[in-house]
Amino acid sequence: MGLDSFTPQKRFSTGGGGGALPINNHDATAAGRNRGVPRGRQLHKTFNNIKITILCGFVTILVLRGTIGVGNLGSSEADAVNQNLIEETNRILAEIRADSDPNDPDESTETGLNPNVTYTLGPKISDWDQQRKVWLSGNPEFPNFVNGKPRILLVTGSPPKPCDNPIGDHYLLKAIKNKIDYCRLHGIEIVYNMAHLDKELAGYWAKLPLIRRLMLSHPEIEWIWWMDSDAFFTDMVFEIPLSKYDQHNLVIHGYPDLLFEQKSWIALNTGSFLFRNCQWSLDLLDAWAPMGPKGPVRDEAGKVLTANLKGRPAFEADDQSALIYLLLSQKGRWMDKVFVENQYYLHGYWAGLVDRYEEMMEKYHPGLGDERWPFVTHFVGCKPCGSYGDYSVDRCLRSMQRAFNFADNQVLKLYGFSHRGLLGPNIKRIRDETTTPLEIVDQLDIRRSVTGKTKSKS
Amino acid sequence: MSDQCSRLRRSRTKITVLCLLITVIVLHGTFNRVNPDSAAEENRNHHAGAEAPRKRVDTRRLLEEAQNDSAQADNNNDKSYAEFDIAKILVDEEGGNEKPDPNKPYSLGPKISDWDQQRSEWLTNNPNFPNFIGPNKPRVLLVTGSSPKPCENPVGDHYLLKSIKNKIDYCRLHGIEIFYNMALLDAEMAGFWAKLPLIRKLLLSHPEIEFLWWMDSDAMFTDMAYELPWERYKDSNLVMHGWNEMVYNDKNWIGLNTGSFLLRNCQWSLDLLDAWAPMGPKGKIREEAGKILTRELKGRPVFEADDQSAMVYLLVKEREKWGEKVYLENAYYLHGYWGILVDRYEEMIENYHPGLGDHRWPLVTHFVGCKPCGKFGDYSVERCLKQMDRAFNFGDNQILQMYGFTHKSLASRRVKRVRNETGNPLEVQDKLGLLHPSFKAVKISDSS
């Protein structure tokens with residue numbers, strides 16, 4: 001790109017000095033390089049040349065800057081490293097999140113369930129109560145009652161792969177910490193399941209084979225308490241009044257009128273319920289399971305449920321609707337052993353509770369378990385482990401954080417700390433250190449107050 | 001002349017077109033780069049630092065408005081978890097950072113000198129909370145924790161979740177309680193030092209605890225059957241994995257490991273914590289201490305003081321005072337460096353069995369240097385995460401076999417059945433005897 005090609009343009013666009021006839025000027029231009037031309041004109045030419053050089057140089061720099069970021073040499077290295085790290089992490093993330101397993105030879109050979117064969121959770125057992133009794137008397141070092149309280153096993157879980165988004169895993173972590181805290185204070189053991197024990201019963205149905213398996217493997221467990229991963233304990237002092245359920249085998253939160261009169265699909269909630277370890281429960285699980293196997297069975301069952309239960313949208317059969325349908329259609333067989341509890345929030349729907357935490361802290365105290373201080377706050381519909389929830393993400397996460405802090409404050413109280421606010425991660429000291437810590441400990445340790453109550457009862 | 005004119009016109013047109021082209025290219029390049037960055041920047045500045053509730057409400061309303069505006073096309077935008085910035089929510093209301101008095105030397109708390117007596121009095125008055133839950137079995141509290149904020153690495157929280165599940169499983173089998181900490185008790189002792197004020201607080205609040213077992217969040221149990229040899233430690237107050245020669249003779253900074261250790265609940269431990277803490281307070285003290293440690297200890301790189309190096313230094317300098325009650329254990333992997341263990345899992349499965357706890361079947365596989373929660377570790381992300389999956393599955397197999405399942409392979413999340421369901425489940429014992437192990441048996445007099 002020589003300046004030669006611009007020379008004619010320069011000459012004509014500037015115009016000022018180009019008053020002379022083209023022919024003459026052209027000649028003059030050609031000649032002007034070789035021979036002397038009038039000084040002013042030469043100067044003018046030089047100026048124009050320089051102008052255009054600068055202009056072109058400018059344009060070149062702009063273009064280069066736009067394409068390869070020449071102006072950012074200083075920070076490009078760190079950026080490049082960051083970029084590489086992010087890419088590598090993303091690649092590994094994608095691999096980890098991939099559903100298919102490259103090392104799994106069996107995957108392709110598994111066929112779907114034969115719809116003609118009825119699904120079963122396992123070989124039918126008819127004498128579980130007897131088997132269990134014999135075992136317990138033969139194993140006195142594994143009693144089903146410890147310190148006067150029946151042995152409870154809290155069961156919860158989440159899928160084995162990372163959540164669709166990182167926030168989901170973070171709240172799963174906070175939720176399990178919350179459960180660990182409650183269970184430590186109340187002497188309850190936890191099983192956190194991350195395995196799909198039965199391919200047919202995946203998703204919300206996965207709890208059925210799990211519960212059955214744990215019951216049969218742990219005869220020393222008196223009650224199995226299933227709790228969803230999106231449910232938080234918000235009353236650390238409240239204890240389930242198990243003696244109330246001596247004549248019952250299933251304790252579930254719900255409303256009898258919604259169940260029997262309205263046949264509503266949300267009359268009961270299977271996000272938090274207790275099963276006694278006995279024959280009756282095994283039978284109920286067997287009766288509950290048939291709507292679960294995924295594929296045509298579950299889809300067809302879903303239609304039946306939508307047709308029969310009030311307010312149920314159209315989707316595949318879920319365990320909650322199926323249980324409601326079962327209890328309604330076989331009411332005589334099951335209901336006398338089912339306790340539909342609503343005196344306290346064994347399951348507490350979050351939307352009506354989370355905004356009132358400040359009011360609760362002001363007026364009430366832990367230990368009530370009901371609408372004044374909910375036992376469990378359950379974030380139905382938020383689905384933080386997935387990509388989409390039924391509610392706004394901002395509202396869900398904010399509320400979950402508040403519930404977590406609300407509960408955590410009750411745990412930290414013993415140690416003399418409290419969260420600054422219900423949202424933030426930081427804590428503040430609410431009690432100075434002393435040289436005689438045990439005085440406070442006696443007053444504040446929840447475990448002591450809980451055991452004291454039990455002892456006095458027995 | 002017309003010839004000249006048309007040539008003129010042509011060249012002028014050419015040049016105009018050329019310039020136009022260049023302008024378009026330049027503009028295209030600049031505006032595409034600028035837009036995404038500036039929009040995100042604006043959002044961040046707009047929503048960070050919301051302090052008063054009123055301001056928070058305004059911000060939130062604006063956020064909702066902004067989301068509504070931008071989401072005209074996509075109604076589900078605010079229900080989507082993708083791209084949501086959690087930092088907008090995890091914000092504290094008031095600042096209120098009390099600055100510590102720089103002239104006062106740091107202390108973990110007011111000096112207590114009669115803790116042994118206070119504690120034994122309390123234990124006498126509270127027979128329902130004995131410090132021994134079995135003839136040779138002390139009451140143990142396993143303490144671990146992580147940050148209350150989400151991990152920088154998007155899969156970090158998932159690995160923290162798997163790690164705590166792994167600990168829950170081991171502790172359930174062995175009758176150990178867990179405390180998962182997510183609170184920073186003392187801002188001065190942040191980072192690896194945060195365990196000190198926490199440990200002290202827990203010891204003083206739980207006199208029924210006989211041993212406190214600190215375990216890092218990046219350590220996993222890989223031998224579910226191994227029970228710690230408690231009788232071995234009846235005369236010790238601090239048990240760490242390490243080697244006497246490496247600590248006392250070599251002064252090697254990795255002569256012991258503070259990622260997994262036992263501390264008895266007694267006066268000696270309180271004193272030790274007080275002696276350990278001074279190098280911890282962040283800022284100048286920690287940096288200066290770091291220089292001392294690098295100078296004094298073998299092989300230590302240059303960085304601020306960490307709790308492990310400080311412990312080595314303390315033991316070396318004051319051996320007469322502390323050494324007698326410190327047990328440096330290496331007969332089994334109370335802490336097992338992952339680098340030399342993870343590739344051998346298949347070999348271990350073939351040749352050995354759980355319950356050994358040592359190089360043949362490590363009790364703990366500790367992923368030092370991996371830092372799955374942070375952005376940068378000392379090892380490649382891929383190797384770390386893949387090996388953590390393998391270690392997790394290795395340990396999980398021992399739990400699943402109780403129920404008749406196992407992972408399809410050490411790399412696979414899927415499980416397969418290895419024992420059929422029967423009509424007499426109680427006759428079948430699991431191979432490792434973990435369903436009802438002896439170390440979980442309750443004293444018969446307790447059952448009522």
Side-chain angles (χ1 to χ4, degrees), chain A residues 8-9 12 22 59 62-63 66-67 88-89 92-93 101 103-104 122-123 125 131 135 140-143 148 160-162 165-167 169-170 172-173 176-177 180 184 189-190 192 194-195 213 216-217 387-389 392-393 397-398 401 414-415 420-421 424-427 433 435 437-438 441 451, chain B residues 4 8 11 15 22 25-26 29-30 78-82 84 86 89-93 109-110 112 118 122 128 148-150 154-155 157-158 160-161 164-165 168 172 177-178 180 182-183 201 204-205 381-382 385 403 408-409 411-415 421 423 425-426 435-436 441-442 444 447-448:
Chain A
Q9 177 211 11
F12 293 113
V59 168
L62 275 180
V63 173
T67 29
E88 197 189 346
T89 311
I92 294 165
L93 197 65
D101 194 349
N103 301 328
D104 193 349
I125 298 177
Q131 287 191 38
W135 189 93
E141 67 278 17
F142 290 96
K161 57 189 187 99
N165 73 86
I167 296 170
D169 281 309
H170 184 68
L172 283 175
L173 186 67
I176 188 57
K177 169 197 157 54
I180 289 174
R184 183 182 63 252
E189 292 185 330
I190 302 178
Y192 194 95
M194 274 174 120
R213 182 71 262 161
L216 297 179
S217 301
S387 304
Y388 285 93
S392 116
V393 165
L397 295 183
R398 222 173 261 276
Q401 186 59 41
L414 171 63
Y415 309 116
R420 281 189 193 281
N426 295 324
I427 57 173
E433 301 279 333
T435 52
L438 294 176
V441 150
T451 313
Chain B
Q4 291 289 352
L8 203 67
S11 40
I15 285 157
I22 291 172
I25 293 173
V26 171
T30 2
D78 63 338
K79 295 187 183 155
S80 163
Y81 282 96
F84 187 82
I86 189 71
I89 290 184
L90 297 180
V91 167
D92 273 309
E93 282 153 19
I112 299 179
Q118 286 191 42
W122 187 93
N128 301 331
K149 301 190 195 150
V155 280
D157 282 304
H158 180 70
L160 285 174
L161 186 68
I164 187 56
K165 172 202 155 52
I168 289 173
R172 182 180 66 251
E177 292 183 332
I178 300 180
Y180 195 94
M182 275 174 130
K201 182 91 267 190
L204 295 180
S205 308
V381 171
E382 181 154 14
L385 298 185
Y403 305 115
K408 287 190 164 165
S409 78
S412 172
R413 287 193 282 262
R414 293 169 198 260
V415 301
E421 299 279 335
L426 295 173
L435 277 173
H436 303 100
V442 163
I444 296 184
S447 65
S448 48

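Every chain is numbered from 1 and lettered A, B, ... according to where its sequence line falls, protein lines coming before strand lines. Bear in mind the structure is a predicted one, so any value in this text is a computation, not a measurement.
- Heavy atoms closer than 4.5 Å to chain B are found in the side chain of A/Q401, but not in its backbone.
- The heavy-atom pair separating B/H158 from A/K161 by the smallest distance is CE1-C, 3.5 Å.
- Contact detail for A/I190 and B/I168: the closest heavy-atom pair is O-CG2, 3.6 Å.
- Between B/Y81 and A/G389 the shortest heavy-atom distance is CE1-N, 4.0 Å.
- If you measure heavy-atom distances from A/S387 to chain B, the contacts under 4.5 Å come from the backbone alone.
- For the options B/L160, B/L426, B/L435, heavy-atom pairs under 4.5 Å to chain A are most numerous at B/L426.
- Nearest approach of B/R413 to A/P160, heavy atoms of both residues: CD-O, 3.2 Å.
- Rounding to the nearest 0.5 angstrom, the gap separating the CG atom in A/L414 from the NZ atom in B/K201 is 8.0 Å.
- In terms of heavy-atom proximity, B/L204 sits nearest to A/V441 at O-CG2, 4.0 Å.
- When all heavy atoms of B/I112 and A/P437 are compared, the pair lying nearest together is CD1-CD, 4.0 Å.
- Within the 3.5 Å criterion, the main-chain N or O of B/H436 finds no donor-acceptor partner in the side chain of A/E141.
- Of the listed residues (B/K149, B/R172, B/E177), the greatest number of heavy-atom pairs within a distance under 4.5 Å of chain A belongs to B/R172.
- Contact count against chain A (heavy-atom pairs under 4.5 Å) is highest for B/P150 among B/P148, B/P150, B/G109.
- For a residue to count as touching a neighbouring chain, one of its non-hydrogen atoms must lie under 4.5 Å from one of that chain's; by this rule B/I164 touches chain A with the side chain only.
- Comparing A/L173, A/L172, A/I176, A/L216 by heavy-atom pairs within less than 4.5 Å of chain B, the highest count is held by A/L173.
- Heavy-atom distances place both the backbone and the side chain of A/Y415 under 4.5 Å from chain B.
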